[in-house]
Amino acid sequence: MADPNTHEDVPLGWPGQLWLEGRTLVHLQQEQERPSHMPRGPAKRTGVGFLNPAMAPARTRSVLLLADALEHGWLVKPGRPIRALDALCATGVRIRRWRNEIPSDLQHRLRITGNDLDEFALSWAKTSHHCHPPKRDVVHEPEDDRHGQPSDAVFTNGLHFQRLDARMAMVDAAYQWVDLDPFGSPIQFLDAALQSLSRTGVLEVTATDTAALTGSSPSSQARRYQAKGLVDEYAHDDAVRLLLGTVATTAARLDKVVTPLLALFDGHHVRISLLVKTSKSEATKIRDSIGWRVRCEDVPYRFVHHPAPDQLKAASGPMWIGPMWHHGIASRMTEERALDLCHPTEDEIQSHRTQGLQWSDEDTNHSARELRRSVRYIADAAELMSREHLLLNLDTLPRLAKVGGAPKMEKLLSALVEAGYAAARYPDLEPMLVTDAPFESVIEVVRMCHASTD
Ligand SMILES: C[S@@+](CC[C@H](N)C(=O)[O-])C[C@H]1O[C@@H](n2cnc3c(N)ncnc32)[C@H](O)[C@@H]1O
C-alpha cells in the first residue's frame with residue numbers, strides 16, 4: 001500500500017476498514033458495518049462516504065458492459081478510446097473497479113473521470129486510489145484535450161477526479177459513457193447526461209425511487225414520471241419500463257434515439273443501460289415503443305399504444321414497450337465472464353491480506369457466489385428479452401391454470417421448450433419466467449406438469 005501521507009488530503013477517519021469488492025480493495029468508514037455477503041435491501045445507513053454494498057452487483061455488471069464495449073467494438077471503432085464519466089462517483093468504487101478489473105490489454109483505451117460534489121467523498125476516493133493503484137503494466141497518461149476541467153481536478157494512477165455539480169460536469173465535456181447513480185431519482189440529471197454524450201454513447205442510470213417508479217407512491221409517480229401505476233406482480237417490470245420510457249422520451253426531445261442494452265429491477269433499485277445515438281428520424285419513431293400495459297381477462301396483460309377509456313382502470317403507463325435488452329451483449333454477460341474479470345486470484349488475496357484485509361476462505365467463496373448472482377439468468381434470458389415475450393410469475397400460475405400447485409421452475413421451462421417454445425428464468429427476486437409461448441399454451445403445459453406429478 002502506498003503511503004497515504006504522500007497524498008495531499010488524507011480524509012478524516014482514514015483508513016477506516018478494508019473490504020474487497022470484485023478484485024478492488026475498498027476502504028469503508030470505520031463505523032460502517034462490515035457488509036454481509038449478498039446484501040439485497042437498501043443500505044442501513046446511506047450518506048456521504050458510505051458504500052452501499054447492495055449496489056455491488058450493478059457495479060460488477062458495469063465492469064462487464066464497459067469491457068464488452070471495448071472488446072466488441074459496438075460503441076467506438078476498434079482501437080479507439082472511450083471517455084467514461086461517473087458523474088456522481090462518491091468514494092470512487094465504480095471507477096476504481098473499471099481501472100482494476102477491465103482486462104489490461106483494453107486499459108490504454110480508457111479515459112476515466114470521477115466527479116462528485118462532496119469534498120469528503122472525493123478525498124476518500126482519491127486517497128483509496130492513491131494507496132491502491134491498479135496493478136497494470138499500463139502507463140496511464142492524463143488527457144491533454146479536455147475541456148471544462150476544473151482547476152482543482154486531479155489525475156492519479158489513471159483516474160481524473162473533479163469536483164463539480166454533476167450537471168456542470170456533463171454540460172462542459174463530451175463523453176462516450178456516462179454513469180448516473182444519484183440518491184433517489186435521476187430525473188434532474190437526465191437532460192445534461194444525454195447532452196453530454198457523443199453522437200453515439202452509453203448511458204447507465206440507477207434509480208432508487210422505486211415507490212415512485214412502481215406506483216406505490218402514486219403522487220410522486222405522477223409528478224416525476226407523468227405516469228400511473230398498478231402495484232401487482234408486474235410492478236417491478238413496469239418500474240423498469242417506466243424509467244426506460246422516461247429516458248427514451250427525454251432523449252427524443254434532443255433528437256436522440258435509445259436502444260436498451262440491459263434493464264433490471266435489482267432488489268431495491270432500477271438500473272438501465274442504453275446505447276444512445278443522435279438521429280432525428282429514428283427519434284421520431286420513438287412513439288412506436290411507448291405504450292401501456294393493460295391487465296386483461298383472457299391473458300395476464302397486453303401492451304397497447306393507447307388504452308381505451310374502459311381499459312384505463314386496469315392499465316399502467318405510459319412506459320417503454322419495446323425490447324428491453326440487447327441479445328448479443330446480454331448473452332455475453334455470463335457467470336464465467338463475471339468470475340474471469342472480477343474474481344481475485346489467490347495471489348491477489350494474499351497480497352491484500354498483507355495490506356491489512358481480513359479475508360477468510362469463506363469470504364472468497366461468498367464473493368464468488370455474489371459475482372455469479374450479479375449476472376445469474378441474464379445470458380439465458382437474453383434472446384427472449386431482446387424481442388416480444390410474455391412475462392409470468394410462477395406463483396400466479398396455479399390460480400391462472402386452476403390447478404393445486406405451481407410446477408417447479410426447471411420442469412416448466414423444460415416442458416415449454418419441449419413443446420417448441422423458447423422459455424427462460426428472468427432475473428428477479430420473485431420466481432419470474434419469460435417465454436414466447438402464447439398464454440393458453442403456457443396454461444396447458446402447467447396443467448400437463450401438474451397432472452404428471454399427481
Ligand atoms: C448514491 S451516491 C453514488 C454512489 C457511487 N456511484 C458508487 O457506486 O459508489 C450519490 C452521490 O451523488 C453526489 N451528489 C449529489 N448531488 C450531486 C450533484 N448535484 N453533483 C455532483 N454530485 C452530487 C453525492 O455526494 C453522492 O456521493
Side-chain angles (χ1 to χ4, degrees), residues 11-13 16 19-22 24-29 32 35 39 41-66 84-101 112-129 132 148-150 152-153 159-173 175 177-193 195-196 202-210 266-273 342 370 374:
L12 198 69
W19 175 253
L20 194 58
E21 187 179 300
T24 300
L25 265 183
V26 174
H27 285 255
L28 301 175
Q29 308 285 296
Q32 174 161 3
K44 281 207 185 106
R45 253 186 93 178
T46 52
V48 171
F50 275 83
L51 177 79
N52 187 351
M55 294 294 188
R59 288 186 283 262
T60 297
R61 291 189 294 270
S62 173
V63 170
L64 266 52
L65 193 63
L66 184 48
L85 170 74
D86 188 348
L88 307 130
C89 76
T91 55
V93 178
R94 185 189 319 278
I95 52 175
R96 294 188 53 237
R97 290 195 60 188
W98 285 345
R99 253 313 166 225
N100 291 336
E101 300 174 30
I112 303 177
T113 301
N115 178 80
D116 202 282
L117 202 46
D118 187 80
E119 201 164 359
F120 175 78
L122 260 190
S123 72
W124 200 268
K126 284 187 259 183
T127 312
S128 304
H129 197 56
H132 309 286
Q149 212 172 328
D152 61 347
L159 296 179
H160 287 274
F161 290 97
Q162 61 181 39
R163 183 168 169 248
L164 284 177
D165 186 300
R167 287 159 288 209
M168 288 291 293
M170 293 187 287
V171 165
D172 268 358
Y175 295 92
W177 196 284
V178 173
D179 196 294
L180 276 188
D181 179 11
F183 295 128
S185 169
I187 283 287
Q188 58 176 320
F189 300 108
L190 279 184
D191 262 294
Q195 288 177 63
S196 169
V202 167
L203 179 62
E204 295 206 90
V205 185
T206 305
T208 57
D209 59 335
T210 50
D266 191 358
H268 76 293
H269 69 276
V270 175
R271 173 89 174 161
I272 60 173
S273 309
C342 306
E370 163 92 336
S374 310

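Every number for a ligand or one of its atoms is a count from 1 in the order of the listing.
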Which atoms from ligand 1 have a heavy atom of [X] less than 4.0 Å away?
X	result
Asp118	25 (O)
Ala90	3 (C), 4 (C), 5 (C), 27 (O)
Cys89	5 (C)
Arg94	6 (N), 8 (O)
Leu164	20 (N), 21 (C)
Phe189	19 (N)

Are any of the N or O atoms of [X] closer than 3.5 Å to those of ligand 1?
X	value
Arg59	yes
Leu88	yes
Leu51	no
Asn115	no

Counting only heavy atoms not in Glu119, do more than 12 fall under 6.0 Å of its CD? no

Atom 22 (N) of ligand 1 sits nearest the protein heavy atom Leu117 N, 3.2 Å

Applying a heavy-atom cut-off of 4.0 Å, say which part of [X] lies close to ligand 1: side chain, backbone, both or neither.
X	answer
Ala169	neither
Asp179	neither
Met55	neither

Looking only at non-hydrogen atoms, the one of Asp86, Leu122, Asp181 nearest atom 1 (C) of ligand 1 is Asp181

Out of Ser62, Ala166, Gly184, the nearest non-hydrogen contact to atom 20 (N) of ligand 1 is supplied by Ala166

Sequence neighbours excluded, the answer for salt bridge (Lys or Arg N to Asp or Glu O under 4.0 Å) partners of Glu21 is Arg59, Arg97

For the side chain of [X] and the backbone of [Y], is there at least one donor-acceptor N/O pair under 3.5 Å apart?
X	Y	value
Gln32	Leu51	yes
Thr91	Phe50	no
Thr127	Trp124	no
Arg163	Asp116	no

Heavy-atom contact under 4.0 Å between [X] and ligand 1?
X	result
Asp165	yes
Thr208	no
Asp116	yes
Arg167	yes

Any luck finding a side-chain donor-acceptor pair between Glu101 and Thr24 under 3.5 Å?
-> yes

Here the gap from Asp172 atom CG to Asp165 atom CG, rounded to the nearest 0.5 Å, amounts to 10.5 Å

So CG of Asn115 and CG of Asp179: to nearest 0.5 Å the spacing works out to 12.0 Å

Residues passing the side-chain contact (heavy atoms from CB on, under 4.5 Å) test with Gln195, sequence neighbours excluded, are Asp191, Leu254

Problem set entry | pair Tyr175-Met170: side-chain heavy atoms closer than 4.5 Å | no

Salt bridge between Arg94 and Asp86, side-chain N to carboxylate O under 4.0 Å? yes

